[in-house]
Colleague: 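A single structure is presented below for examination.
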Amino acid sequence: MEKFVFNTMYLTEKDSRIPIFFYPKPKDDLNIDVYVQYLNLPHYQNDFELSAKDQNGNFILKPSTINFNIDDIRWNGLFDSTQLAGEVSFFISATKEEIKNVNRLDVSVKINGGSERSVALFLTEEKYG
């Protein structure tokens, strides 16, 4: 089997599929989705470690591990199951108080304690089109 690779990772508003890079600082809680697309994930229990830090390296979300057993996934028949290409998503919520002094949120995902990808979200005072 080929080596595992991240295909892409992106952030969206909660329940959206449109990637965001700049985001107006919410008046209430911050709610975002994290999408990770991958290729060649091994056939066994896989650990996805999710974390988020502000621009100063302070944790907004301390590293948290979510386990997926890829063998439990049902295949739709469009691909050979040995290809193991797919997507997982996570949800991050932070209170208004937690993001009060945050202008950049760095979200990281580490898979099986090795491969890691990070993306930034800039929290702005106004909406960018």
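Counting begins at 1 with the first residue of the sequence. Given the structure is predicted, the values throughout are model-derived calculations rather than measurements.
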Colleague: After noting the C-alpha distance and the side-chain angles of Met9 and Gln37, does the key distance pass the side-chain contact (heavy atoms from CB on, under 4.5 Å) rule?
Modeller: CA-CA 6 Å; Met9 179 174 151; Gln37 295 176 351; over 6 Å; no
Colleague: Considering non-hydrogen atoms only, spot the tightest contact between Ser51 and Lys62 and give its length.
Modeller: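 That would be CB-C, 4.3 Å.
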Colleague: Check whether Ile66 and Val88 end up in the same hydrophobic cluster, where Ile, Leu, Val, Met, Phe, Trp and Tyr are linked by side-chain heavy atoms less than 4.5 Å apart.
Modeller: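 The answer is yes; both residues are in one hydrophobic cluster.
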Colleague: Look up atom OG in Ser16 and atom CD1 in Ile32, then write down how far apart they are to the nearest 0.5 Å.
Modeller: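 Going from OG on Ser16 over to CD1 on Ile32, the span is 12.0 Å.
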Colleague: Once you round to the nearest 0.5 Å, how far does OG of Ser89 lie from CZ of Phe48?
Modeller: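 Rounded to the nearest 0.5 Å, the OG-CZ separation comes out at 10.5 Å.
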Colleague: Ignoring hydrogens and angles, state whether a donor on the side chain of Asp47 or Asn112 is under 3.5 Å from an acceptor on the partner side chain.
Modeller: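 Not at all, the side chains of Asp47 and Asn112 share no donor-acceptor pair under 3.5 Å.
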Colleague: Given Asp54 and Asn101, is the side-chain contact (heavy atoms from CB on, under 4.5 Å) satisfied, shown in steps?
Modeller: CA-CA 9 Å; Asp54 68 12; Asn101 297 316; over 6 Å; no
Colleague: Considering all heavy atoms of both residues, which atom of Val109 and which atom of Phe6 are nearest to each other, and what is their separation?
Modeller: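 Minimum heavy-atom contact is O-CZ, 3.6 Å.
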Colleague: Rounded to the nearest 0.5 Å, what's the gap from CD on Glu116 to NZ on Lys110? Could you check?
Modeller: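 One finds 5.0 Å between CD of Glu116 and NZ of Lys110.
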Colleague: Around Asp28, counting heavy atoms of other residues, nucleotides and ligands shown, do more than 12 lie under 6.0 Å from its CG?
Modeller: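 Counting neighbours around CG of Asp28, 12 or fewer heavy atoms of other residues, nucleotides or ligands fall under 6.0 Å, so no.
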Colleague: Between Tyr10 and Tyr35, is the ring centroid distance below 6.0 Å?
Modeller: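 Tyr10 vs Tyr35: aromatic centres under 6.0 Å.
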Colleague: CG of Asp15 to CG of Asn31: how many Å apart, nearest 0.5 Å?
Modeller: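 Here the interatomic distance stands at 9.0 Å.
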Colleague: What do you reckon, are the aromatic ring centroids of Phe122 and Tyr23 less than 6.0 Å apart?
Modeller: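 Ring centroids of Phe122 and Tyr23 are no less than 6.0 Å from each other.
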Colleague: Looking at every non-hydrogen atom in both residues, tell me the closest pair between Lys96 and Asp29 and how far apart they are.
Modeller: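 Residues Lys96 and Asp29, closest heavy atoms: N-OD1, 3.6 Å.
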Colleague: If I compare all heavy atoms of Val102 with all of Gln55, which pair ends up nearest, and what's the gap?
Modeller: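 The pair with the smallest heavy-atom distance is CA-OE1, 3.6 Å.
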Colleague: Applying side-chain contact (heavy atoms from CB on, under 4.5 Å) to Val36 and Thr8, what does each step give before you reach the verdict?
Modeller: CA-CA 6 Å; Val36 177; Thr8 192; over 6 Å; no
Colleague: Are Val107 and Leu11 close enough that some pair of their side-chain heavy atoms sits under 4.5 Å apart?
Modeller: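 Val107 reaches Leu11 side chain to side chain.
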Colleague: Atom CG of Leu30 and atom OG of Ser93: how far apart are they, to the nearest 0.5 Å?
Modeller: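 Rounded to the nearest 0.5 Å, the CG-OG separation comes to 7.0 Å.
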Colleague: Determine, for Glu87 against Arg17, whether the closest basic-nitrogen to carboxylate-oxygen distance falls under 4.0 angstrom.
Modeller: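 Judged by the 4.0 Å cut-off on N to carboxylate O distance, Glu87 and Arg17 do form a salt bridge.
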Colleague: Which pair of non-hydrogen atoms, one from Arg117 and one from Asn7, has the smallest distance, and what is that distance?
Modeller: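 Shortest heavy-atom separation between Arg117 and Asn7 comes out as NH1-O, 4.3 Å.
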Colleague: Provide the closest heavy-atom pair for Asp33 versus Glu13 in the form atom of the first, atom of the second, distance.
Modeller: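 Scanning both residues completely, I find the closest heavy atoms to be OD2-O, 3.8 Å.
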Colleague: How long is the span from the OG1 atom in Thr65 to the CG atom in Asn46, to the nearest 0.5 Å?
Modeller: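 It comes to 12.0 Å.
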